[in-house]
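Note that this is a predicted model, so its numbers are computed, not measured. Heavy atoms only: backbone and side chains are in, while hydrogens, waters and symmetry mates are out. We're numbering straight along the sequence, starting at 1.
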Amino acid sequence: MAIALSKKVQALKPSASIAAKQRVTELQAQGRTILDFTLGEPDQDTPEAIIEAGVAALRGGDTHYTGSAGKLELRKAICEKLARDNAVSYSPDEIVVAAGAKQIIYEAFAATLESGDEVVIPAPYWVSYPDIVRLNGAVPVIVECPPEAGFRLTPEALEAAITPKTRWLIVNSPSNPSGAVLEREHWAALVEVLERHPHVAVMTDEIYEKIVFDGIRNCSPVSLAPGMKDRCLIVNGMSKAYAMTGWRIGYAAGPANLIKAIIKLIGQSTTCTTAFAQTAATEALRGDQKPIADMVAIYRERRDLIVSMLNDIPGVTCSTPGGAFYVFPDIRPLLGRKGPDGAIDSDLELVSYLLDEAGVAVMDGTSYGMPGFLRLSFATSTATIRSGCTAIGAAIAKLSD
Ligand SMILES: Cc1ncc(COP(=O)(O)O)c(C=O)c1O
């Protein structure tokens, strides 16, 4: 007899972005050329100095378990980074290191949520948030943040979403998928609301913090209102800023009692994250930061190219993202047009059509809580952006009214 699976796992959807990556790999293995805009990670490799630090650590015997909080030296380097870049003050016992920001988010919810608790999630959201919330028995409360609001959570929408059951607000800025950035003035308005609701904790997922354009600056609410420090969890990691997705290092800064609870969960699950990767992450945070500026300059050029090419396609409206490496074009005017297999009534159907007709892989907005939009990653070459957008335009031109 097959092993029975728990109800909570049966209800869990596979990660949409991981599924898309698999679909592209399968099609490529069948010999099809696919222009891939689904990538959720930098296309560059980790900067050389960080790789060297990892290799030297391995050669030097850095091959053992570390404490479950993460190495003290790395936690000190994280405190230095938080003071330097975010103007917030933390001590190493308020920091925990895990196998990616994703593990941090999972453990923080596991440590705090009871059945029936509510978590406010602005949409469009990162695909994993609602599933992680549900997996921990709680209820995602989705708040729509339309393009007219710059895809940002407004104080009014936040106020309306909070109930006595709200435990967390989770905010991702710069945002995957919209690229919207919450700057100081946006947070100032949200903090005013949060001050009226002291039972609501705030998780800020700042993983794309370094990828911002045109002088836009991300803001941590803790830096605005010191009173927020007791109920904020800052989540960040090495994956995007340092092109270190495969090293699996994320971290959080927060109140010591919550950090201790997360450390306890790590101690009973993964024990710790990889030792030599922690040493390399310490080097990344303390070493030369120029590779980040170089990467951001490349992303900026690609952003400008993809935004302008998409806006040239009739029926597509693409706003310019302030950060991260995604665009989130509005394709609602195209819905209802007819393709070879009948009307295209949803972003999901458009995604399938573009894959079949144009050999272009993009993500559907539905997976991010906003139907009628697409997500394209520009962590890919300008050649792919040029050919991909041209192919998308040609495929859309073939649709009839
Ligand atoms: C918004 C957001 N948060 C967290 C993560 C996970 O990052 P990590 O590699 O640190 O687990 C991602 C990865 O795509 C992301 O887009």
Side-chain angles (χ1 to χ4, degrees), residues 16-17 40 101-102 104-105 108-109 112-113 117-134 136 138-163 165-197 199-209 211-212 216 218-222 224 228 231-236 319 321-324 326-330 347 363-375:
S17 42
K102 201 178 211 173
I104 294 278
I105 296 165
F109 283 148
T112 53
L113 292 175
D117 284 347
E118 293 175 359
V119 176
V120 174
I121 306 179
Y125 47 69
W126 183 43
V127 279
S128 294
Y129 296 152
D131 293 298
I132 297 177
V133 166
R134 275 190 221 102
N136 285 294
V139 182
V141 174
I142 308 300
V143 180
E144 207 173 301
C145 305
E148 300 76 44
F151 297 113
R152 287 189 201 92
L153 179 64
T154 61
E156 297 74 30
L158 173 61
E159 182 73 63
I162 293 175
T163 76
K165 288 185 178 171
T166 309
R167 290 296 314 281
W168 286 98
L169 159 69
I170 180 165
V171 174
N172 171 219
S173 170
S175 155
N176 172 8
S178 73
V181 183
L182 269 76
E183 294 190 88
R184 215 181 153 78
E185 75 260 27
H186 306 115
W187 268 117
L190 295 176
V191 163
E192 261 185 54
V193 176
L194 291 162
E195 277 171 348
R196 287 198 286 279
H197 302 282
H199 66 291
V200 179
V202 183
M203 202 184 299
T204 54
D205 178 346
E206 305 183 14
I207 193 95
Y208 293 97
E209 169 205 19
I211 305 169
V212 280
I216 289 173
N218 193 46
C219 170
S220 294
V222 180
L224 282 187
M228 293 295 294
R231 54 179 168 130
C232 274
L233 188 73
I234 297 178
V235 179
N236 208 329
S319 52
Y326 308 100
V327 283
F328 199 59
D330 184 349
D347 51 307
M363 299 294 300
D364 57 278
T366 300
S367 295
Y368 299 85
M370 199 165 269
F373 290 74
L374 301 178
R375 190 200 76 165

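Partners of N236 by side-chain hydrogen bond (donor to acceptor under 3.5 Å, both in side chains), not counting sequence neighbours, listed by chain and number: E209. A search for side chain to side chain contact (heavy atoms under 4.5 Å, CB included) contacts involving A149 returns P146, T154, not counting sequence neighbours. T112 is linked by a side-chain hydrogen bond (donor to acceptor under 3.5 Å, both in side chains) to W168, counting only residues two or more places apart in sequence or in another chain. Scored by the side chain to side chain contact (heavy atoms under 4.5 Å, CB included) test, H197 finds E159, I162, V193, H199, V200 as partners (sequence neighbours excluded). Qualifying salt bridge (Lys or Arg N to Asp or Glu O under 4.0 Å) partners for E206, counting only residues two or more places apart in sequence or in other chains: none.
At a threshold of 4.5 Å between non-hydrogen side-chain atoms, the residues S175 and F151 do not count as touching. With contacts defined as side-chain heavy-atom distances shorter than 4.5 Å, the pair P221/T204 qualifies. The side-chain heavy atoms of L182 and V171, taken from C-beta on, include a pair separated by under 4.5 Å.
For residues 118-133, every residue pair satisfying the side-chain hydrogen bond (donor to acceptor under 3.5 Å, both in side chains) rule, not counting sequence neighbours, is listed here: K13-D131, E118-T163, Y129-D205, D131-R134. Sequence neighbours left out, the pairs with a member in residues 166-189 that pass salt bridge (charged side-chain N to carboxylate O under 4.0 Å, His left out) are D117-R167.
Distance alone, capped at 3.5 Å, is enough to place a donor-acceptor pair between the W187 side chain and the C219 backbone. Although no hydrogens or angles enter the test, the distance criterion places a donor-acceptor pair under 3.5 Å between the side chain of N218 and the main chain of S173.
Of all heavy-atom pairs spanning V222 and M228, the tightest one is CA-CB, 4.5 Å. P130 approaches P140 most closely through the heavy-atom pair O-CG, 3.9 Å. Annotation for C145 and P122: closest pair SG-CB, 3.7 Å, computed over non-hydrogen atoms. Between G323 and V181 the shortest heavy-atom distance is N-CG2, 3.7 Å. Heavy atoms only, all atoms of each residue included: A108 and L233 are closest at CB-CD2, 3.6 Å. The minimum heavy-atom distance between T166 and V120, with the atom names listed, is CG2-CG2, 3.7 Å.
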Side chains of residues 363-375: which donor-acceptor pairs under 3.5 Å do they make with residues two or more places apart or in other chains?
{"residue": "D364", "atom": "OD1", "partner": "S367", "partner atom": "OG", "Å": "3.3"}
{"residue": "D364", "atom": "OD2", "partner": "T366", "partner atom": "N", "Å": "3.4"}
{"residue": "D364", "atom": "OD2", "partner": "S367", "partner atom": "N", "Å": "2.7"}
{"residue": "D364", "atom": "OD2", "partner": "S367", "partner atom": "OG", "Å": "2.8"}
{"residue": "T366", "atom": "OG1", "partner": "D347", "partner atom": "OD1", "Å": "2.8"}
{"residue": "T366", "atom": "OG1", "partner": "D347", "partner atom": "OD2", "Å": "2.8"}
{"residue": "Y368", "atom": "OH", "partner": "R375", "partner atom": "NE", "Å": "3.3"}
{"residue": "Y368", "atom": "OH", "partner": "R375", "partner atom": "NH1", "Å": "3.3"}
{"residue": "R375", "atom": "NH1", "partner": "N176", "partner atom": "OD1", "Å": "2.8"}
{"residue": "R375", "atom": "NH2", "partner": "T38", "partner atom": "O", "Å": "3.0"}

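Between atom SG of residue C232 and atom CG of residue L169 there is a gap of 9.0 Å, rounded to the nearest 0.5 Å. A distance of 11.0 Å separates NZ of K102 from CD1 of I207, quoted to the nearest 0.5 Å. Interatomic distance, I105 CD1 to N136 CG, rounded to the nearest 0.5 Å: 12.0 Å. Distance CD1/I132 to CD1/I170: 7.5 Å, rounded to 0.5 Å. Atom CD1 of I142 is separated from atom CD1 of I121 by 4.5 Å, given to the nearest 0.5 angstrom. Considering CG of L224 and CD of E192, their distance stands at 11.0 Å, rounded to 0.5 Å.
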Full working for side-chain contact (heavy atoms from CB on, under 4.5 Å) between V202 and L194 | CA-CA 9 Å; V202 183; L194 291 162; 3.7 Å; yes
